[in-house]
Amino acid sequence: MSKNIPKTELLYQKSKPIDHFSLFDGLSLMIKEQKDAALEVKRSINSIEHAIEAIYKHLTLNSKGRLIYVGAGTSARIGVQDGVELFPTFNWPKERLDFIIAGGVNALLNAIENAEDDTHSAEKNVEDKLICHEDVVIGVAASGNTPFTCR
C-alpha cells in the first residue's frame, strides 16, 4: 500500500473487484463484510459507551451546546444520516444539530473531487460555525485521517 493513498481509496484487496462478481457472490461478500464490521464495533463497545456518556453529560451541562458532525464523502453522508435521526428518535432539538461537510451540501448527492483534502475550507467552515466549548464535534472518517475532517 502506498504511504500517500488512504486505505479507503484503494481497491478492495480481499478478492476480485466487486463488479466482477455474480450478484449472489457480491451480496454474500457485502454481508460478510458487514458482519465483520459489526464484530469490530462489538469489540469496541466499552470505548463507544464511554464516548456516548461523555458527550451526553457535556451536552446536558451545556444546554445551548450543539452536536456537530464533520466529514467528507460517504463519511459525511453517514454523519448526516445519524444526525437527522436524533430528532425523531430522541427528540433532540434541531437547532442543536449541525454539519460541516467537505464540498458543502452539494456533496451529499455529488462527488466533489479533492474536497476531502481541502483543509483551508475545513478551517473556514469551523470559523463560520462559531464552534465553542459548549459544542461537541464528531469527526467521521473511515480512514481515521481524512485531512478535511481531522483538521
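Since we're looking at a predicted model, the values are computed, not measured.
- Although no hydrogens or angles enter the test, the distance criterion places no donor-acceptor pair under 3.5 Å between the side chain of S44 and the main chain of S47.
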Using the rule given for side-chain contact (heavy atoms from CB on, under 4.5 Å), can you reason through I31 versus K35, listing the C-alpha separation, both sets of side-chain angles and the distance that settles it, and then say yes or no? CA-CA 6 Å; I31 290 167; K35 286 168 67 176; 4.0 Å; yes
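- In summary, of the residues considered (I101, D118, N106), a side chain to side chain contact (heavy atoms under 4.5 Å, CB included) with I112 occurs for N106 alone.
- Among residue pairs with one or both ends in residues 62-74, those qualifying as salt bridge (Lys or Arg N to Asp or Glu O under 4.0 Å) are R66-D98, R66-D135; sequence neighbours excluded.
- Two residues are said to be in side-chain contact when any heavy atoms from C-beta on lie closer than 4.5 Å; L67 and R96 fail this criterion.
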Walk me through it: do L108 and F99 pass the test side-chain contact (heavy atoms from CB on, under 4.5 Å)? CA-CA 11 Å; L108 292 175; F99 305 94; over 6 Å; no
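- Residues I18 and M30 have side chains in contact (heavy-atom distance under 4.5 Å, counting atoms from C-beta outward).
- What you find for H58 and E134 is that their closest heavy atoms are NE2-O, 3.1 Å.
- Listed for the D82 side chain is no donor-acceptor partner under 3.5 Å among the backbone atoms of I78.
- Heavy-atom minimum distance, R43 versus E40: NH2-OE2, 2.7 Å.
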Can I131 and I100 be said to form a side-chain contact (heavy atoms from CB on, under 4.5 Å), step by step? CA-CA 11 Å; I131 295 172; I100 298 175; 4.0 Å; yes
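- Atom CD of Q81 is surrounded by 12 or fewer heavy atoms from other residues, nucleotides or ligands within 6.0 Å.
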F148 vs V70, side-chain contact (heavy atoms from CB on, under 4.5 Å): CA-CA, chis, key distance, verdict: CA-CA 8 Å; F148 181 94; V70 180; 4.0 Å; yes
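- E127 has no carboxylate O lying under 4.0 Å from a charged side-chain N of K124, or vice versa, which leaves the two without a salt bridge.
- Contact check for L97 versus Y69: side-chain heavy atoms found under the 4.5 Å cut-off.
- Checking side-chain atoms of S75 against main-chain N and O of G71 turns up no donor-acceptor pair under 3.5 Å.
- When all heavy atoms of A102 and A107 are compared, the pair lying nearest together is O-CB, 3.2 Å.
- The minimum heavy-atom distance linking D117 with P147 is given by the pair OD1-CG, 3.5 Å.
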